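Here's the structure, in structure tokens; my notes come after.
This structure is a prediction, so every number in the text was calculated from the model and none was measured. Only heavy atoms go into these numbers, but all of them, side chains included; no hydrogens, no water, no symmetry mates. Chain naming here is simple, since letters A, B, ... match the order of the sequence lines and numbering starts at 1 in each.
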There are 2 protein chains.
Amino acid sequence: MSEHDVILIALRRIIRAVDIRSRELERETGLTAPQLVLLQALGREAEATPKSLSRAVSLSPPTVTAILDRLERAGLVTRRRSPRDGRSVIAELTPAGREAVSAAPELLQAGFLRAFRRAPEWEQHMIIAALQRVAEMMDCQDVDAAPILERSGDVTQAAGPDR
Amino acid sequence: MSEHDVILIALRRIIRAVDIRSRELERETGLTAPQLVLLQALGREAEATPKSLSRAVSLSPPTVTAILDRLERAGLVTRRRSPRDGRSVIAELTPAGREAVSAAPELLQAGFLRAFRRAPEWEQHMIIAALQRVAEMMDCQDVDAAPILERSGDVTQAAGPDR
DNA sequence: CAAAATTTATTCGCACAGGAATCATATTCA
DNA sequence: TGAATATGATTCCTGTGCGAATAAATTTTG
């Protein structure tokens, strides 16, 4: 079995685990992982538009629209047209949405977090560096797909200049 | 931003990149990554049933059924009832299916492979080790969710005894 | 042997996820 | 100014993914 197969299998396991955790979250809180991620992004960003959210959470605009639909239906988010630019839509948390954000549990599965915290520090750093490196290697080709969650201070020193 | 956020963001980028590569494959070959993975599993296993395939590729039975539907519609796979056990279904590659398997391109994106091969050997090892470690940490908790792609020899020695 | 429990595959409902197409609004430039 | 272009959001379509419910067959058990 080649290295590529090993990588592929590990990736499939990881993707599946993340998906399973998402369903677990849905049972616990009524919200899936993508919904919680978007909600958190909305909490950080004032005047968030589908476009900016799309960049912030690395999802396509149609996907963001679909998730916002559900969040709006659940009463956690409101949408209104921007007064400055009639094309844009501004999404905001409702009080219930803010409540949901602060009550949100960890998105990563408890088992992973436990194991991660138990690991020696060098291994934690190795894992983070490797994941960032893989992400970088994978979307280096579509140059415009790299934006990601820019916040005030760039805490992710190792990542280097995206975009 | 916490380490957890960094991990989560890297994972989302990776998941997105894998998904995008799957659509690229669809454009190139008419088959998505999960379809190709299933096709390859069918090539390895004689008398494959949805159940056995489900274990082999780490997908749920309903998902396998859905993918088999499309592969059958495309004329790459045939299904027939098992004569020994009327509950089971046996899926087999057609000649066209065998052809598709042997013509299948790399499932990982070219950009990633290029970057990976260019990386120094220590980094390649680090990446593989980290991905396997993360996969392991993530599905260690649901013990029964670990099956994974067992092939002749178990090359993923670190994973420990599944079920 | 017949009823109950189990196993296997499938259907159904839901939530992503993205590309293509569409519609409305802004911007550019001839 | 007015037409061409660009941008932003959404809709439509297809394809995963899974859990729950269902159907069909087999095995177990009373």
Side-chain angles (χ1 to χ4, degrees), chain A residues 12-27 29-38 47-55 57-74 79-91 139 142 144-145, chain B residues 12-38 47-55 57-74 79-91 142 144-145:
Chain A
R12 298 201 76 80
R13 285 174 72 189
I14 291 171
I15 289 172
R16 179 162 195 251
V18 168
D19 200 63
I20 287 173
R21 171 61 180 154
S22 177
R23 288 165 216 286
E24 195 181 304
L25 281 169
E26 190 173 10
R27 278 198 309 278
T29 70
L31 296 169
T32 64
Q35 290 171 9
L36 286 167
V37 167
L38 211 57
E47 304 271 300
T49 69
K51 182 73 170 180
S52 71
L53 290 168
S54 164
R55 270 194 310 267
V57 302
S58 253
L59 292 173
S60 72
T63 301
V64 170
T65 292
I67 298 175
L68 283 179
D69 285 345
R70 287 178 203 104
L71 293 176
E72 195 172 24
R73 189 150 28 92
R79 273 188 281 198
R80 59 187 170 85
R81 224 75 211 186
S82 163
R84 344 182 108 231
D85 186 334
R87 292 168 302 182
S88 295
V89 163
I90 296 177
D139 57 21
D142 17 1
D144 82 303
Chain B
R12 298 205 76 78
R13 286 173 71 187
I14 292 171
I15 289 173
R16 180 164 194 245
V18 168
D19 201 62
I20 287 174
R21 170 60 179 155
S22 177
R23 288 164 215 284
E24 193 181 305
L25 281 169
E26 189 172 13
R27 278 199 309 278
E28 285 175 21
T29 70
L31 297 169
T32 64
Q35 290 170 9
L36 286 167
V37 167
L38 210 57
E47 304 270 302
T49 69
K51 181 74 170 178
S52 71
L53 290 169
S54 163
R55 270 195 309 267
V57 301
S58 252
L59 291 173
S60 71
T63 300
V64 169
T65 292
I67 298 175
L68 284 179
D69 284 345
R70 287 178 202 106
L71 293 175
E72 195 172 25
R73 187 147 33 92
R79 272 188 281 199
R80 60 189 168 83
R81 223 76 211 184
S82 164
R84 344 181 109 230
D85 186 334
R87 292 167 301 182
S88 295
V89 162
I90 296 176
D142 14 4
D144 83 302

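An OP1 or OP2 oxygen of D/dG15 is reached within less than 4.0 angstrom by no side-chain nitrogen or oxygen of B/Thr32. Applying the 4.0 Å criterion to OP1 and OP2 of D/dT22, one finds that B/Arg87 has every side-chain N and O outside that range. For C/dG18, one of the phosphate oxygens OP1 or OP2 lies less than 4.0 angstrom from a side-chain nitrogen or oxygen of A/Thr63. For the pair B/Arg70 and D/dT16, the criterion of a side-chain N or O lying under 4.0 Å from OP1 or OP2 is met. Proximity of B/Arg16 to the phosphate of C/dG18: a side-chain N or O atom is located under 4.0 Å from OP1 or OP2. Here A/Ser88 does not reach the OP1 or OP2 of C/dT25: none of its side-chain N or O atoms lies under 4.0 Å away.
Between the C1' atom of C/dA17 and the CD1 atom of B/Ile14 lies a distance of 17 Å, rounded to the nearest Å. Atom CZ of A/Arg55 is separated from atom C1' of D/dT7 by 12 Å (rounded to the nearest Å). One interatomic measurement links the two molecules: CD of B/Glu24 to P of C/dA17, which rounds to 19 Å at whole-angstrom precision. Going from atom CG of A/Leu59 over to atom P of D/dT10 covers 15 Å, rounded to whole Å. Atom CG of B/Leu68 and atom C1' of D/dG17 are 14 Å apart (whole Å). One can place CG of B/Leu53 at 9 Å from P of C/dA9, the figure rounded to the nearest angstrom. B/Ile67 has its CD1 atom 13 Å from the C1' atom of D/dT14, to the nearest Å. Going from atom CD1 of B/Ile20 over to atom P of D/dG15 covers 18 Å, rounded to whole Å.
Closest to the side chain of A/Pro62, out of D/dG8, D/dT26, D/dT10, is D/dT10. Considering only the side chain of B/Ser60, D/dC18 comes nearest among C/dA17, D/dC18, D/dG8. The listed nucleotides are D/dT10, C/dA9, D/dC18; the one nearest the side chain of B/Thr49 is C/dA9. Among D/dT26, C/dG18, D/dG15, the nucleotide with an atom closest to any side-chain atom of B/Glu26 is D/dG15. Among the nucleotides C/dA26, C/dA9, C/dC16, the one closest to any side-chain atom of A/Gln35 is C/dC16.
B/Leu71 has its side chain out of reach of B/Arg79: every pair of non-hydrogen atoms, C-beta onward, lies at least 4.5 Å apart. Between A/Arg80 and A/Val89 there is no side-chain heavy-atom pair separated by less than 4.5 Å. The shortest side-chain heavy-atom distance between B/Glu26 and B/Leu31 does not fall under the 4.5 Å cut-off. Residues A/Arg12 and B/Pro34 meet the side-chain proximity criterion, which asks for heavy atoms closer than 4.5 Å.
Taking the nucleotide of DNA chain D with the nearest heavy atom to each of A/Lys51 and A/Arg27, the more 5' of the two is matched to A/Lys51. The residue among B/Asp69 and A/Pro83 whose nearest nucleotide of DNA chain C is located toward the 5' end is B/Asp69. Comparing A/Arg23 and B/Arg81 by the nucleotide of DNA chain D whose heavy atom lies nearest to each, the residue mapping closer to the 5' end is A/Arg23.
Under the 4.0 Å criterion applied to side-chain N and carboxylate O atoms, B/Asp19 and B/Arg23 are assigned as salt-bridge partners.
Taking both residues in full, the closest heavy atoms of B/Leu38 and B/Ile67 are given as CD2-CG2, 3.6 Å, listed atom of the first, atom of the second, then distance.
In this structure, A/Arg79 reaches the sugar-phosphate backbone alone: every heavy-atom distance under 4.0 Å involves primed, P, OP1 or OP2 atoms, never a base. As judged by a 4.0 angstrom heavy-atom cut-off over every strand, B/Pro34 is placed among residues touching the sugar-phosphate backbone only. At a threshold of 4.0 angstrom between heavy atoms, the contacts of B/Pro50 are confined to the sugar-phosphate backbone, with no base atom among them. Looking at heavy-atom distances under 4.0 Å, B/Ser22 makes no contact with the nucleic acid at all.
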